[in-house]
Novice: 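Mind looking over this structure? Questions follow.
Heavy atoms only: backbone and side chains are in, while hydrogens, waters and symmetry mates are out.
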Amino acid sequence: IWGTVMNSARNLAQATVVYLRPRSSSRADRLLELLGAFPHALAHRCLNGRPVLPARVRKAVGDAPLLPNVPSAACFEIRLLLAQYAAALPDSDADET
């Protein structure tokens with residue numbers, strides 16, 4: 001399971017660098033920060049608070065450690081960032097005749 005989580009986060013990070021960063025570097029940087037933090041936050045949650053979250057993960061999730069489920073909070077923000085990006089894309093159906 002951990003390998004799948006890490007590979008999925010890595011694949012999303014690669015897609016972020018290729019597709020999102022050229023259009024919105026600040027949004028891409030935040031997404032990359034969250035994608036890097038998510039596997040650690042998930043492990044922390046699944047292992048009942050162990051291992052201790054690294055400083056960069058605590059920084060990425062901000063006040064989220066006060067929430068009952070840090071990985072869910074990170075996923076929510078990841079989804080929000082991706083939705084904002086998708087909404088800003090031109091509508092490809094409009095080009096068809």
Side-chain angles (χ1 to χ4, degrees):
I1 293 175
W2 298 117
T4 300
V5 169
M6 294 295 289
N7 286 335
S8 296
R10 189 178 301 114
N11 289 341
L12 284 169
Q14 289 172 340
T16 297
V17 169
V18 171
Y19 298 110
L20 180 56
R21 183 172 271 160
R23 299 178 196 275
S24 176
S25 63
S26 63
R27 192 174 289 150
D29 289 344
R30 178 64 181 147
L31 186 55
L32 290 170
E33 184 177 43
L34 288 166
L35 288 169
F38 177 75
H40 298 283
L42 182 60
H44 179 77
R45 173 73 175 160
C46 290
L47 298 173
N48 200 26
R50 290 187 173 84
V52 174
L53 288 174
R56 70 176 180 79
V57 174
R58 288 192 311 273
K59 178 181 178 276
V61 296
D63 292 333
L66 303 176
L67 300 173
N69 196 337
V70 175
S72 289
C75 277
F76 179 79
E77 188 174 348
I78 289 168
R79 289 174 52 201
L80 179 64
L81 287 166
L82 291 173
Q84 290 170 348
Y85 171 68
L89 290 174
D91 186 6
S92 60
D93 292 337
D95 294 336
E96 295 179 12
T97 56

Novice: Can you hop from V5 to I78 via hydrophobic side chains spaced under 4.5 Å?
Specialist: no
Novice: May I ask whether L12 and M6 are part of the same hydrophobic cluster, defined by side-chain heavy atoms of I, L, V, M, F, W, Y residues being less than 4.5 angstrom apart, directly or through others?
Specialist: no
Novice: Would one find more than 12 heavy atoms of other residues, nucleotides or ligands at under 6.0 Å from atom CG of L89?
Specialist: yes
Novice: Roughly how far, to the nearest 0.5 Å, is the CD atom of Q14 from the CG atom of L35?
Specialist: 11.0 Å
Novice: Taking all non-hydrogen atoms of both residues into account, name the closest pair between A43 and W2 and its distance.
Specialist: CA-CH2, 3.4 Å
Novice: Does some side-chain heavy atom of C75 sit less than 4.5 Å from a side-chain heavy atom of F38?
Specialist: yes
Novice: Minimum heavy-atom separation for R56 to A37, with atom names?
Specialist: NH1-N, 4.3 Å
Novice: Hey, any chance V57 and L47 share a hydrophobic cluster, counting ILVMFWY side chains that come within less than 4.5 Å of each other, even indirectly?
Specialist: no
Novice: Please tell me whether Y85 and F76 are part of a single hydrophobic cluster in this structure, the criterion being side-chain heavy atoms less than 4.5 Å apart.
Specialist: no
Novice: How far apart are the closest heavy atoms of H40 and L53, and which atoms are they?
Specialist: O-CD2, 3.7 Å
Novice: Which distance, rounded to the nearest 0.5 Å, do you find between the CG of D29 and the CZ of R21?
Specialist: 5.0 Å
Novice: So which heavy atom on R30 is nearest to which on L81, and how close?
Specialist: CG-CD1, 3.7 Å
